[in-house]
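Working notes for the structure below.
All values below come from the heavy atoms of this structure, side chains included, with hydrogens, waters and symmetry mates left out. The sequence lines fix the lettering, A, B, ..., with proteins before strands; numbering per chain opens at 1.
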Amino acid sequence: MSDPLYPFSEIEQTVQRRWKEDSAYHVRRSESGPKYYCLEMFPYPSGRIHMGHVRNYSIGDAIARYKRMRGFNVLHPMGWDAFGLPAENAAILRGVHPADWTESNIAHMKEQLQKLGLSYDWSREIATCHPDYYRWNQWFFLKLLEKGLAYRKEALLNWCDSCATVLANEQVEDGLCWRCGNPVRLRTMEQWFLRITDYAEDLSKDLESLEGWPERVRTMQANWIAPSTGALIDFRIEPPSSRALPSEILTVFTTRPDTLFGVTFVTIAPEHPLLEALLEDSPENLPARSFIEQTLRARTHHNREEPEKEGVFSGLFLRHPLTGDRIPLWIGNFVVASYGTGVVMAVPAHDQRDYEFARKYGLPVRQVILPPGQERLSVLEKAITDDGILFDSGSFSGLAGDEARTAITAHLEMTGQGRMKKTYRLRDWGISRQRYWGTPIPVIHCPSCGIVPVPESDLPVLLPRDIHFTGKGGSPLADHPSFKGVPCPSCGGIGQRETDTMDTFIDSSWYFLRFAGIEDCPQDRPFSPEALSYWTPVDQYIGGVEHAILHLLYARFFTRVLFDLGLSPVREPFRTLLTQGMVLKDGSKMSKSKGNVVDPDQLINEYGADTVRLFTLFSAPPDKDLSWDDKAVEGAYRFLGRLYGRVDSLFEEFPEAGSIETGTWKESLSPEASVVRSKIHETIRKVTTDLENNAQMNTAIAGLMELLNTLSNFQGNALSEETESRRWVLVSGYRTLLLLLSPFAPHIAQHLGDRLGLGQRGHHGWPVPDDRALIRATVPFVIQVNGKLRATLTFPPDAREETVSEGAREDERVVRALAGQTILKTIFVPGKILNFVVRPS
RNA sequence: GCGAGAGUGGCGAAAUGGCAGACGCACCAGACUUAGGAUCUGGCGGGUAACCCCGUGGGGGUUCAAGUCCCCCCUCUCGCACCA
């Protein structure tokens with residue numbers, strides 16, 4: 001490595017030591033100034049930070065530092081999303097205890113973050129795997145259980161036989177287990193769920209109020225929740241004489257009750273919980289059974305394309321609720337079990353999917369709606385899905401659209417065969433994991449009392465440290481000698497502790513409240529109410545767009561629940577959201593498998609933290625993807641090196657630079673100095689507006705580079721004889737530049753700022769542009785002929801049209817362009833442009 | 001298929017309807033040097049000796065003036081995707 005351009009290593013170490021000694025970023029509520037809560041998504045302690053983290057935290061730190069300089073009392077905390085699968089895999093592969101693995105990762109990553117010089121209040125650091133954090137997961141769970149918001153139900157889940165565990169959807173890759181590569185199958189299991197669907201309406205409606213969120217994220221959440229209004233309609237099952245049925249009716253969900261008279265069959269999902277019991281145990285049902293089995297197996301293969309619609313007749317018939325017709329019940333692979341009721345009424349004439357299915361299996365197509373302006377055809381070529389006038393629909397014939405839907409639904413409701421219903425695509429949140437490294441779910445299964453919550457006074461239910469990992473899967477807690485067997489808190493009999501742990505998304509659903517509420521927090525509460533109401537909501541949240549749905553939706557849900565429990569002062573946790581783009585290298589996302597990762601540590605060693613931060617902020621706007629370019633990093637490095645060198649030579653010329661006053665300059669400046677002064681104040685204005693509007697840090701930094709270029713040129717040009725004004729302009733210029741730079745490259749800004757006397761003089765605040773300095777003596781006017789640039793001439797900014805026009809007509813190029821032309825009119829924009837509109841004369 | 005976003009130099013990118021390409025990278029030339037993969041100075045969209053002409057995915061339109069506003073089309077990225 002060549003010699004450094006400036007001693008960044010010493011500077012960064014010294015400055016960081018001083019921040020630490022001064023507890024510079026430790027905050028408490030109620031200090032002077034309004035509050036500002038700036039938060040970046042906390043990391044999973046995987047072992048090392050990567051460039052995505054560096055980018056995320058550089059953006060957040062720049063915002064936090066900027067707001068601090070603007071006089072806000074800024075909360076800027078950091079912690080660790082410390083539960084999760086990788087810790088257990090490390091335990092299995094390398095025999096390290098998950099707790100030890102996690103702790104050592106945290107220690108290392110914390111060191112890495114500190115080397116970046118991020119202005120965190122480390123006194124609030126939390127790790128979700130610590131009992132004083134996860135006990136509150138358990139406490140909240142008990143509250144939810146009490147409120148009926150946590151419940152158990154049977155559900156179909158991805159199951160890996162070889163690992164003997166449930167897998168989340170995102171852990172299934174092409175139908176195979178991400179860890180062992182064996183096929184995953186669907187299996188029905190009892191699981192804990194949280195009733196997020198109770199909040200679906202709220203979560204969906206309030207998206208509109210989130211004006212500080214990117215439209216993209218709001219749309220993604222809206223599509224994910226996807227409310228849909230329709231009706232539930234009951235179909236009575238024809239009882240086969242031979243036996244009793246598990247239910248007398250099947251209920252369908254439809255958004256098109258107006259097509260009810262066009263129903264020619266009903267389709268049920270193969271996974272439907274009633275189906276097994278509905279099918280008679282007879283040889284005729286063998287095809288149906290084998291169809292179900294096959295479909296379930298195929299389900300797990302995450303095929304890109306839609307599979308062919310397939311189905312089989314169930315052998316059962318239903319009664320149409322209004323016509324009394326006999327309707328066959330089919331089993332179809334295209335029916336989604338977990339949406340609506342898992343049963344759909346099929347109207348082949350008016351639904352494309354039903355149409356395809358009916359054509360394939362020769363089922364009747366019965367048209368009952370005629371859209372305006374269309375002819376009635378004897379044979380349909382595809383489904384007619386538009387609204388229209390009903391016919392062959394009993395007393396409802398002649399009605400149309402919403403009117404027909406309302407009338408039919410009302411009639412069904414009156415006769416007790418149906419009702420209006422709003423359904424959501426969003427499903428309840430399954431939170432059980434058959435895993436060790438997570439929060440134990442605080443309930444006890446008692447043979448006589450059923451499910452008994454662990455009494456609050458017994459919290460936390462601690463994860464036992466002595467655990468044995470076989471690598472064969474299944475929850476290690478289930479094999480623990482003493483964890484599982486416990487007395488029932490209710491009857492004292494022998495009970496069994498729940499051995500499932502919670503989804504780690506629970507941990508990240510309220511950590512932002514803990515950071516705020518941990519200040520003066522009473523022992524028996526998760527938060528200090530005073531601290532919480534002072535700091536919340538988060539004013540600026542920053543993280544990757546990959547969390548646009550899951551984490552952000554869960555966090556919004558959880559915050560609402562806590563609000564309803566009187567524990568959170570706010571319903572929406574994040575006032576404004578910034579989703580930063582990915583860090584790419586060679587056109588694709590950095591990943592170990594592609595071998596295109598850039599190691600932050602190595603970069604910091606080579607160029608220093610300031611350079612690394614500056615480059616990531618400069619090279620692209622925060623919300624766009626950032627293409628990593630080793631060469632371009634050197635550009636940022638050179639800028640800082642040049643700045644350092646220029647300040648050095650400033651001291652050579654003016655050894656007293658650090659102690660001179662740069663208050664108001666009352667005397668007149670030379671024309672050159674005056675231009676430099678304008679540039680200084682224009683830069684203040686530019687950087688400020690760039691930061692206020694969508695954190696456009698790339699252009700803000702470009703502005704700083706321009707200012708340095710201007711100052712450098714002025715400095716290198718020793719023609720000016722007015723030493724005192726020259727010194728004044730240069731010193732105030734560098735002081736301003738360093739203040740404006742400090743959110744982005746804080747170490748060098750602090751160090752050079754100290755040398756230039758910023759520290760002692762209390763100039764910590766963000767500079768304010770001086771309106772008088774913004775007025776330039778002359779500005780360039782663009783002279784156009786028919787909209788084409790012909791000259792650029794300088795005039796005072798308030799020059800009148802006649803003045804500019806006269807000047808323009810003396811310009812050689814303009815004269816040439818106007819020769820032989822008649823001027824029809826002139827367009828004049830003061831301070832900017834003069835356009836001659838001409839035609840040949 | 002539905003929804004959202006984006007197409008500008010060799011590259012990352014800038015541009016309240018008013019000089020297209022700020023700033024940076026790469027490249028070229030020069031200076032300093034035993035040396036340059038360091039640093040400094042200058043140049044740098046295309047065509048052209050020059051005057052000028054052309055140029056923001058393509059086509060039309062509005063305007064004195066369009067990367068920016070309106071209409072049509074193409075391409076790419078992301079999200080959802082049999083949700084009844």
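In this structure, A:D354 reaches neither bases nor backbone, as no heavy-atom distance under 4.0 Å exists between it and the strands shown. Nucleic acid contact class of A:R425 (heavy atoms, under 4.0 Å, all strands): base. Using a 4.0 Å heavy-atom distance criterion, A:R427 is classed as a base contact. Heavy atoms of A:P780 sit under 4.0 angstrom from at least one base atom. If you check every strand for non-hydrogen atoms under 4.0 Å, A:S228 touches sugar and phosphate atoms only.
Between the side chain of A:N223 and the base of B:C80, no donor-acceptor pair of N or O atoms lies under 3.5 Å. If you check distances only, the side chain of A:K309 does reach the base of B:C82 with a donor-acceptor pair under 3.5 Å. Contact annotation: side chain of A:K624 to base of B:U77, donor-acceptor pair absent below 3.5 Å.
The aromatic rings of A:Y361 and A:F357 lie tilted to each other, with the angle between the two planes from 30° to 60°. Between A:F781 and A:F795, the ring-plane angle classifies as perpendicular under the 30° and 60° cut-offs.
In a base pair of the Watson-Crick type (N1 to N3 plus N6-O4 or O6-N4) or a G-U wobble (N1-O2 and O6-N3), with each distance short of 3.5 Å, B:A20 is matched with no nucleotide. With a cut-off of 3.5 Å on both pairing distances, the Watson-Crick or G-U wobble partner of B:C52 is B:G47. Using Watson-Crick or G-U wobble geometry with both donor-acceptor distances under 3.5 Å, B:G42 finds its partner in B:C28. B:C69 is paired with B:G61 under the Watson-Crick or G-U wobble criterion, all donor-acceptor distances under 3.5 Å.
The side chain of A:L5 sits closest to B:U39 out of B:C64, B:C54, B:U39. Taking every side-chain heavy atom of A:T255 into account, B:A84 is the closest of B:A84, B:C25, B:A13. When the nucleotides B:A13, B:G18, B:C23 are ranked by their closest atom to the side chain of A:Q784, B:G18 comes out on top. Checked against B:C82, B:C52, B:C64, the side chain of A:N835 finds its nearest nucleotide in B:C64. Distance from the side chain of A:N698 is smallest to B:A13 among B:C25, B:A13, B:A84. Of the candidates B:G18, B:C54, B:A81, B:G18 carries the atom nearest the A:K832 side chain, counting heavy atoms from C-beta on. The side chain of A:V336 has B:A84 as its nearest neighbour among B:G18, B:G3, B:A84. Considering only side-chain atoms of A:M220, the nucleotide from B:G79, B:U39, B:C40 that sits closest is B:G79. For A:T219, the side-chain atoms get nearest to B:G3 when compared with the rest of B:G3, B:C64, B:U41. For A:F618, whose side chain is taken as the heavy atoms from C-beta onward, the closest listed nucleotide among B:G24, B:U41, B:G18 is B:G24.
A distance of about 16 Å separates the P atoms of B:A13 and B:C25, rounded to the whole Å. Taking atom C1' on both nucleotides, B:U68 is separated from B:A14 by 13 Å, rounded to a whole Å. With both ends at atom P, the span from B:A84 to B:C2 equals 16 Å, rounded to whole Å. When the P atom is compared between B:G67 and B:G59, the two are found 13 Å apart, to the nearest whole Å. Nucleotides B:G57 and B:G10 have their P atoms positioned 13 Å apart, rounded to a whole Å. For the C1' atom pair drawn from B:G9 and B:G43, the interatomic distance equals 15 Å after rounding to whole Å. Taking atom C1' on both B:G1 and B:U8, the two are 31 Å apart, rounded to the nearest angstrom. Across the C1' atoms, B:G46 and B:A20 are found 14 Å apart, a figure rounded to whole Å.
Base orientation of B:G9: syn (glycosidic angle within 90° of 0).
A:E706 meets the side-chain contact (heavy atoms from CB on, under 4.5 Å) test with A:K679; sequence neighbours excluded.
Between A:M705 and A:A226, the residue anchored closer to the 5' end of RNA chain B is A:M705, taking for each the nucleotide with the nearest heavy atom. Both A:G342 and A:R642 sit near RNA chain B, but only A:R642 has its closest nucleotide nearer the 5' end.
Screening A:R809, A:K788, A:K825 for a side-chain contact (heavy atoms from CB on, under 4.5 Å) involving A:F836 leaves a single residue, A:R809.
Using a 4.5 Å heavy-atom threshold, the side chains of A:I775 and A:D771 count as separate. Between A:S805 and A:F828 there is no side-chain heavy-atom pair separated by less than 4.5 Å.
Atom CG in A:N786 sits about 15 Å away from atom P in B:U63, given to the nearest Å. One interatomic measurement links the two molecules: CG of A:N709 to C1' of B:C40, which rounds to 13 Å at whole-angstrom precision. Across the protein-nucleic acid pair, A:E546 atom CD and B:G79 atom P stand 10 Å apart, rounded to whole Å.
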Query - CA sep, side-chain torsions, deciding dist, call: A:R55, A:L626, side-chain contact (heavy atoms from CB on, under 4.5 Å) - result: CA-CA 9 Å; A:R55 188 171 191 206; A:L626 169 72; 3.5 Å; yes

Requested in this report: Decide yes or no on side-chain contact (heavy atoms from CB on, under 4.5 Å) for A:Q367 and A:H350, but give the supporting numbers first.
Outcome: CA-CA 7 Å; A:Q367 187 179 353; A:H350 303 295; 3.7 Å; yes

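Taking side-chain N and O atoms only, A:T699 has no distance below 4.0 Å to OP1 or OP2 of B:A13.
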